[in-house]
Amino acid sequence: TQLGILVYQYYTNPSRTATMFLTQTNWGGGASTTLFAIHPTNLTNWTNFYSTSSVDVDTGVSGQISVSPTLSSTTQTSDADFSAWSKPSNVYIPTGGNKITLLKPDGASCTTGTQCSSGDCTGNVCIPPPCTGSNWSMTYSGISYPFVLIGTQCWFAKNLNIGTMLASVSTLPSNNSVIEKWCYNNSTANCTTYGGLYTWAEANQLATTCNTTSCTPSTPSQGICPSGWHIPTDAEFKTLEMYLGMSQVEADTPWERGTDQGTKLKSGGSSGFNALMSGNLDNTSNRFYYWLNSYTNFWLASEINTTYSISRQLYISSTKVTRYMNGWFDKTAGFSVRCLKN
């Protein structure tokens, strides 16, 4: 009689199975900042996972997630890694019945909001609030502002109109405790239609002396925008322009550049930014309103020096976007303001 013996070898090392090995100090909820994971096809590039509850970990069960107290450096989660994992994103841990949910960070590609840390997938991209679901406008100081999602950026789709109207073009903002604006031709109706016109310091809520001295806005610069929003930087406006088709080289170039990005940003353009030709207030010694229905200029938070800040200009007869760096409008000019979500 021959006795046959069959031996099974059982591996629980997650790097040898279709499981993941996660290292995180706290699974109490929220984004991981100290997470490392081993994936069968990529052993280094997993991070930014989220947990929905505290986890009782069973490290002895094959096919489940194991958690270790060991720390390691991490890199950003890639879409390829997320898609390659064969397990569902909700992984249930037997002990205690709790679960770990693996979610993508905002800006990652997605097919459903259940994959996203923000809970919303718009245009196959994970998008943070408020540009999600039905949350597409807000009331700020009694005025309703619609939002528009352009790429992964959430913008006001309307110029800001907040503050007390100054008496005339020759009256400069002087009260640092009050938001002060001009209305084109000193008409409140123009502020209602086109938004207010502000100096650079006023837009960024800096002291009035910052229009003639060098001042660094906070990062991000909330300025006269509502909480959770800010005055865009030059780099952030470049992100907008490049999403609309401008190359990096074009975006980095001063003066008029691009192809049809100006058309896309104007009222009726495909971006939904809906820029009206709101005119501006000239900053010369003979201060005056000009260019209504022909030009519009937007302040940015990026300063150049004591006299100038970077700004953007759209012209009714041009398809391009002008990036002003210096030499024309100083910080006391009256420009429009758009707010960008933090």
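Each residue takes its place number in the sequence, starting with 1. Computed from heavy atoms alone, side chains included, the values below leave out hydrogens, waters and symmetry copies.
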Value rounded to 0.5 Å, distance of [atom1] in [X] from [atom2] in [Y]:
{"X": "Ser311", "Y": "Asn280", "atom1": "OG", "atom2": "CG", "value": "9.5 Å"}
{"X": "Ser270", "Y": "Leu265", "atom1": "OG", "atom2": "CG", "value": "8.5 Å"}
{"X": "Ser214", "Y": "Lys331", "atom1": "OG", "atom2": "NZ", "value": "6.0 Å"}
{"X": "Lys266", "Y": "Ser271", "atom1": "NZ", "atom2": "OG", "value": "11.5 Å"}
{"X": "Gln153", "Y": "Glu236", "atom1": "CD", "atom2": "CD", "value": "6.5 Å"}
{"X": "Leu160", "Y": "Leu197", "atom1": "CG", "atom2": "CG", "value": "11.5 Å"}

When you measure from the side chain of [X] to the backbone of [Y], do you find a donor-acceptor pair of N or O atoms at a distance under 3.5 Å?
{"X": "Arg312", "Y": "Tyr324", "value": "no"}
{"X": "Gln261", "Y": "Leu244", "value": "yes"}
{"X": "Thr253", "Y": "Val249", "value": "yes"}
{"X": "Thr193", "Y": "Ala189", "value": "yes"}
{"X": "Arg287", "Y": "Leu172", "value": "no"}
{"X": "Trp155", "Y": "Leu149", "value": "no"}
{"X": "Tyr198", "Y": "Ile162", "value": "yes"}
{"X": "Asn297", "Y": "Phe335", "value": "no"}
{"X": "Glu180", "Y": "Glu202", "value": "no"}

Between the side chains of [X] and [Y], does any donor sit under 3.5 Å from an acceptor?
{"X": "Thr332", "Y": "Asp330", "result": "yes"}
{"X": "Ser221", "Y": "Asn204", "result": "yes"}
{"X": "Thr233", "Y": "Ser302", "result": "no"}

[X] to [Y] - nearest heavy-atom pair and separation:
{"X": "Gly196", "Y": "Lys181", "answer": "CA-CD, 4.3 Å"}
{"X": "Leu314", "Y": "Gly262", "answer": "CD2-CA, 3.9 Å"}
{"X": "Ser137", "Y": "Pro146", "answer": "CB-CA, 3.9 Å"}
{"X": "Leu240", "Y": "Ile150", "answer": "CD1-CG2, 3.4 Å"}

Any non-hydrogen side-chain atom of [X] less than 4.5 Å from a side-chain atom of [Y]?
{"X": "Leu206", "Y": "Trp200", "value": "yes"}
{"X": "Ile231", "Y": "Phe298", "value": "no"}
{"X": "Tyr315", "Y": "Lys320", "value": "no"}
{"X": "Trp299", "Y": "Ser309", "value": "yes"}
{"X": "Asn176", "Y": "Thr208", "value": "yes"}
{"X": "Ser317", "Y": "Tyr295", "value": "no"}
{"X": "Trp229", "Y": "Met138", "value": "yes"}
{"X": "Arg323", "Y": "Asp234", "value": "yes"}

Quiz prompt | Ser278/Thr296 under side chain to side chain donor-acceptor pair (under 3.5 Å): CA gap, chis, key distance, verdict | solution = CA-CA 5 Å; Ser278 54; Thr296 189; 2.8 Å; yes

Quiz item: Applying the 4.5 Å side-chain criterion to the ILVMFWY set and letting contacts propagate, would Met165 and Ile143 be lumped into a single cluster?
Solution: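 In one cluster: no.
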
Quiz item: Only one of Tyr184, Tyr289, Tyr290 forms a side-chain contact (heavy atoms from CB on, under 4.5 Å) with Leu281, so which one is it?
Solution: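 It is Tyr289; the other options fail the test.
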
Quiz item: If you draw a 6.0 Å radius around OH in Tyr140, do more than 12 non-hydrogen atoms from other residues or ligands fall strictly inside?
Solution: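 Yes.
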
